[in-house]
Novice: 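Take a look at this one; I'll ask things after.
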Amino acid sequence: MQHGTVQGPPLALTMGEPAGIGGEIAAKAWWAVRAAGPAFFLLGDPALVKDAPVALIEAPEQAASAFPHGLPVLPLRLAAPAVPGVLDAANAPAVIASIEQAVGFALAGRAGGVVTNPIQKSVLTAAGFPHPGHTEFLGELAGDGVPPVMMLACPGLRVVPVTVHLSLRAALGALTTELIVEHGRIVAAALRRDFGLASPRLAVAGLNPHAGEAGTMGDEDIRIVAPAVAALRALAIDARGPFPPDTLFTPRARATYDCALGMYHDQVLIPIKTLDMDGGVNITLGLRIVRTSPDHGTAIDIAGRGQADAGSLIAALRLAAEIAETRGKAAAP
């Protein structure tokens, strides 16, 4: 599709960790999409933006007209000046406020969706932030009655981990048939609503090598995973598996499904980051709003050096606009 044809309110981009690369990649993204869109505005301190003209705005409604002339910034001042690469917990409240305001604009229809710059979880945790990360916080702010689910997407592959930010030992303990079914239902619904797939196909990875090889390498695939696949199929969801994880991500296998469900974080994030580290996008499913994010962290080690790659943020902005457009078409009379 032509990204410049996307209509609707501008996207709200949060500032993320002020000492990281958020301001840099926001500026680079503006240069990349300023002619064709999608239009977006940054909720953050204008001082974070380097190497791009800044257009100060007072409301999201001003972003579209300002966008061709500069990166629209709705100012949100920091408690302490941001120093690249130097974390400061004093700025945690502003980081959280940026997320809250962006979500508020999206819920009110004043922003087409929310794109979040990476946060430094250790800083927020030290400041009393009670959530493991963005996904859980967004579920609290804009949940749609189901647990929020993390999807990673790039051209040619979408993946969802059933357990996310847990140690491998804890993930094994948390994995249940019910959890897999819950994720499968949410993913199938999102593929219909957000990606316009009438009959989404899910591939479910086994937990163990060779999907357990008939129980000889662990019986979890027989006891936990296979019953989940059967339950999803009973709900008229085209789910198949459990498949051996080591062959699930070959080009031939990827052509047979629309999303792969993995049992733990690295099982599905390693393949997608290997395929497209610079273009991968993090999407939160199960929200009342559209939310995407770059598939990388704050890059504190290179902050302020001008070396950050904005490819993933650009992809996140474009995908958020496309999802918003898909939702809008589905809701139109």
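Note: hydrogens, waters and symmetry copies are ignored here, and every other heavy atom, side chains too, is used.
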Novice: Do R77 and N91 touch side chain to side chain, with heavy atoms closer than 4.5 Å?
Specialist: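 Contact flag for R77/N91 side chains = no.
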Novice: Does a side-chain heavy-atom distance below 4.5 Å link V103 with F137?
Specialist: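 No; the side chains remain at least 4.5 Å from each other.
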Novice: So do P75 and L56 actually touch side chain to side chain, heavy atoms under 4.5 Å?
Specialist: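 SC-SC contact between L56 and P75 confirmed.
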Novice: Parallel, tilted or perpendicular: which one describes the rings of F41 and F105, with boundaries at 30° and 60°?
Specialist: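 F41 vs F105 ring planes: perpendicular.
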Novice: Are V268 and L179 in one and the same hydrophobic cluster, where Ile, Leu, Val, Met, Phe, Trp and Tyr link if side-chain heavy atoms are under 4.5 Å apart?
Specialist: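 Cluster IDs for V268 and L179 differ.
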Novice: Under the 3.5 angstrom rule, does the side chain of R34 hit a backbone N or O of W31 as a donor-acceptor pair?
Specialist: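 Side chain of R34 to backbone of W31, a donor-acceptor pair under 3.5 Å: yes, one is there.
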Novice: Please check this pair: side chain of W30 against backbone of A52, looking for a donor-acceptor N/O pair closer than 3.5 Å.
Specialist: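 Checking the backbone N and O of A52 against the side chain of W30, no donor-acceptor pair under 3.5 Å is found.
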Novice: Are L317 and L42 connected in the hydrophobic side-chain network, where two residues link if heavy atoms are under 4.5 Å apart?
Specialist: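 Per the 4.5 Å side-chain linkage, L317 and L42 are co-clustered.
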Novice: Heavy atoms only: give me the nearest P155-D276 pair and the separation to one decimal.
Specialist: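 Closest heavy-atom pair between P155 and D276: CD-OD2, 3.5 Å.
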Novice: Do L124 and V95 come within less than 4.5 Å of each other through their side chains, counting heavy atoms only?
Specialist: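 Yes - at least one pair of side-chain heavy atoms lies under 4.5 Å apart.
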Novice: Would a 4.5 Å heavy-atom cut-off, applied to side chains only, mark I323 and T326 as touching?
Specialist: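 Heavy-atom side-chain distance check fails, nothing below 4.5 Å.
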Novice: Mind checking the CG-CG spacing from L76 to L78? Nearest 0.5 Å is all I need.
Specialist: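 If I round to the nearest 0.5 Å, the distance is 7.5 Å.
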Novice: Taking only Lys NZ, Arg NE, NH1 and NH2, and the carboxylate oxygens of Asp or Glu, determine whether R201 and D238 approach each other closer than 4.0 Å.
Specialist: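 No.
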Novice: Please find the pair of heavy atoms, one from V281 and one from S312, that lie closest to each other, and give the distance.
Specialist: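 Closest approach of V281 to S312, heavy atoms only: CG2-O, 4.2 Å.
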Novice: Kindly indicate whether the side chain of L269, heavy atoms from C-beta on, has any atom under 4.5 Å from the side chain of M150.
Specialist: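 The answer is yes; the side chains approach within 4.5 Å.
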Novice: Is it true that a side-chain atom of D295 and a backbone atom of G279 form a donor plus acceptor pair closer than 3.5 Å?
Specialist: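 No, the answer is negative, given that no donor and acceptor are paired below the 3.5 Å cut-off.
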Novice: To the nearest 0.5 Å, tell me how far L232 CG sits from T177 OG1.
Specialist: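 That separation rounds to 10.0 Å.
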Novice: For residues 115-123, run the donor-acceptor check on the side chains, cut-off 3.5 Å, and write out each pair with its distance to 0.1 Å, sequence neighbours left out.
Specialist:
| from | atom 1 | to | atom 2 | distance (Å) |
| --- | --- | --- | --- | --- |
| T116 | OG1 | R291 | NE | 3.2 |
| T116 | OG1 | R291 | NH2 | 2.7 |
| T116 | OG1 | S293 | OG | 3.3 |
| N117 | ND2 | T14 | O | 2.9 |
| Q120 | OE1 | T298 | OG1 | 2.5 |

Novice: Does a side-chain N-to-carboxylate-O contact under 4.0 Å join K50 and E24?
Specialist: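 No, this pair does not count.
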Novice: Please name the pair of heavy atoms, one in A26 and one in F40, separated by the smallest distance, quoted to 0.1 Å.
Specialist: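 Scanning both residues completely, I find the closest heavy atoms to be O-CZ, 3.8 Å.
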Novice: Are any of the side-chain heavy atoms of N282 and M151 separated by less than 4.5 Å?
Specialist: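 No - every pair of side-chain heavy atoms lies 4.5 Å or more apart.
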Novice: Using only atom types and a distance under 3.5 Å, with no angle test, would you say the side chain of D309 pairs donor to acceptor with the backbone of G311?
Specialist: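 Answer holds: yes.
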Novice: Is the side chain of R288 donor-acceptor paired with the backbone N or O of D144 at a distance under 3.5 Å, no angle test?
Specialist: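 Such a contact is absent between R288 side chain and D144 backbone.
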Novice: Check this for me, if you would: do D278 and K273 make a salt bridge, where the nitrogen-to-carboxylate-oxygen distance has to be below 4.0 angstrom?
Specialist: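 No, this pair does not count.
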Novice: Let me check something: do V181 and V187 share a hydrophobic cluster, defined by ILVMFWY side-chain heavy atoms less than 4.5 Å apart, either directly or through other members?
Specialist: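 V181 and V187: one cluster.
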Novice: Walk me through whether F195 and I283 qualify under side chain to side chain contact (heavy atoms under 4.5 Å, CB included).
Specialist: CA-CA 12 Å; F195 295 90; I283 309 145; 3.9 Å; yes
Novice: Using a strict cut-off of less than 4.0 Å between a Lys/Arg side-chain nitrogen and an Asp/Glu carboxylate oxygen, indicate whether R318 and E322 qualify as a salt bridge.
Specialist: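 Salt bridge between R318 and E322, a charged N being under 4.0 Å from a carboxylate O: no.
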Novice: When you look at D258 and L202, which way does the side chain to side chain contact (heavy atoms under 4.5 Å, CB included) test go after all the steps?
Specialist: CA-CA 6 Å; D258 299 303; L202 305 184; 5.9 Å; no
Novice: If you look at every heavy atom in S65 and Q62, which pair is closest and at what distance?
Specialist: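 Minimum heavy-atom separation between S65 and Q62: OG-O, 3.2 Å.
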Novice: Quick check: closest heavy atoms across L313 and A29, and the distance to 0.1 Å?
Specialist: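 Looking at all heavy atoms of both residues, the closest pair is CD2-CB, 3.9 Å.
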Novice: Counting distance only, does the side-chain N/O of Q267 pair as donor-acceptor with the main-chain N or O of G206 below 3.5 Å?
Specialist: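 Checking the backbone N and O of G206 against the side chain of Q267, a donor-acceptor pair under 3.5 Å is found.
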Novice: Counting distance only, does the side-chain N/O of Y264 pair as donor-acceptor with the main-chain N or O of L166 below 3.5 Å?
Specialist: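 Absent.
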Novice: Verify side chain to side chain contact (heavy atoms under 4.5 Å, CB included) between L191 and C259, making sure each step is shown before the conclusion.
Specialist: CA-CA 9 Å; L191 289 172; C259 183; 4.0 Å; yes
Novice: What is the minimum heavy-atom distance between C154 and G280, and which atoms define it?
Specialist: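 Taking every non-hydrogen atom into account, CB-CA, 4.2 Å.
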Novice: Does CZ in R233 sit with more than 12 non-hydrogen atoms of other residues, nucleotides or ligands closer than 6.0 Å?
Specialist: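 Yes, CZ of R233 has more than 12 neighbouring heavy atoms, counting only those of other groups under 6.0 Å.
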Novice: What is the distance from atom OG1 of T163 to atom CG of L172, rounded to the nearest 0.5 Å?
Specialist: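 Between atom OG1 of T163 and atom CG of L172 there are 8.0 Å.
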Novice: Out of curiosity, I237 CD1 to R185 CZ, how far, rounded to the nearest 0.5 Å?
Specialist: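 The distance works out to 7.0 Å.
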Novice: Any chance you could measure L87, atom CG, to I300, atom CD1, to the nearest 0.5 Å?
Specialist: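 Separation between the atoms: 4.5 Å.
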Novice: Would you say T292 and V114 make side-chain contact, with heavy atoms under 4.5 Å?
Specialist: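 No, their side chains stay 4.5 Å or more apart.
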Novice: Do F67 and H69 have ring centroids that are under 6.0 Å from one another?
Specialist: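 H69 vs F67: aromatic centres not under 6.0 Å.
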Novice: Answer yes if L141 and V290 sit in the same cluster of Ile, Leu, Val, Met, Phe, Trp and Tyr residues linked by side chain heavy atoms under 4.5 Å apart, and no otherwise.
Specialist: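 Per the 4.5 Å side-chain linkage, L141 and V290 are not co-clustered.
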Novice: Is the backbone N or O of G44 less than 3.5 Å from a side-chain atom of S98, with the two atoms forming a donor-acceptor pair by type?
Specialist: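 Pair absent, no side-chain N/O of S98 close to backbone of G44.
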Novice: Kindly work out whether a path of hydrophobic side-chain contacts (I/L/V/M/F/W/Y, heavy atoms less than 4.5 Å apart) joins L197 to V159.
Specialist: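 L197 does not cluster with V159.
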Novice: Taking everything shown except D266 itself, do over 12 heavy atoms lie less than 6.0 Å from its CG?
Specialist: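 Enclosed.
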Novice: Please test R240 against V204 for side chain to side chain contact (heavy atoms under 4.5 Å, CB included), starting from the C-alpha separation and ending with a verdict.
Specialist: CA-CA 6 Å; R240 302 179 187 183; V204 181; over 6 Å; no
Novice: Can you spot which of L261, T135, L285 makes a side chain to side chain contact (heavy atoms under 4.5 Å, CB included) with V149?
Specialist: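 The single option meeting the side chain to side chain contact (heavy atoms under 4.5 Å, CB included) with V149 is L285.
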Novice: So does V162 get a backbone contact from the side chain of H183, meaning a donor-acceptor N/O pair under 3.5 Å?
Specialist: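 Judged by distance alone, yes, a pair lies under 3.5 Å.
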Novice: If I take atom CG from residue N208 and atom CD1 from residue I222, how far apart are they, to the nearest 0.5 angstrom?
Specialist: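 Reported value, rounded in 0.5 Å steps: 9.5 Å.
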Novice: Check for a donor-acceptor pair, side chain of D221 on one end and backbone N or O of L207 on the other, with a separation under 3.5 Å.
Specialist: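 Side chain of D221 to backbone of L207, a donor-acceptor pair under 3.5 Å: yes, one is there.
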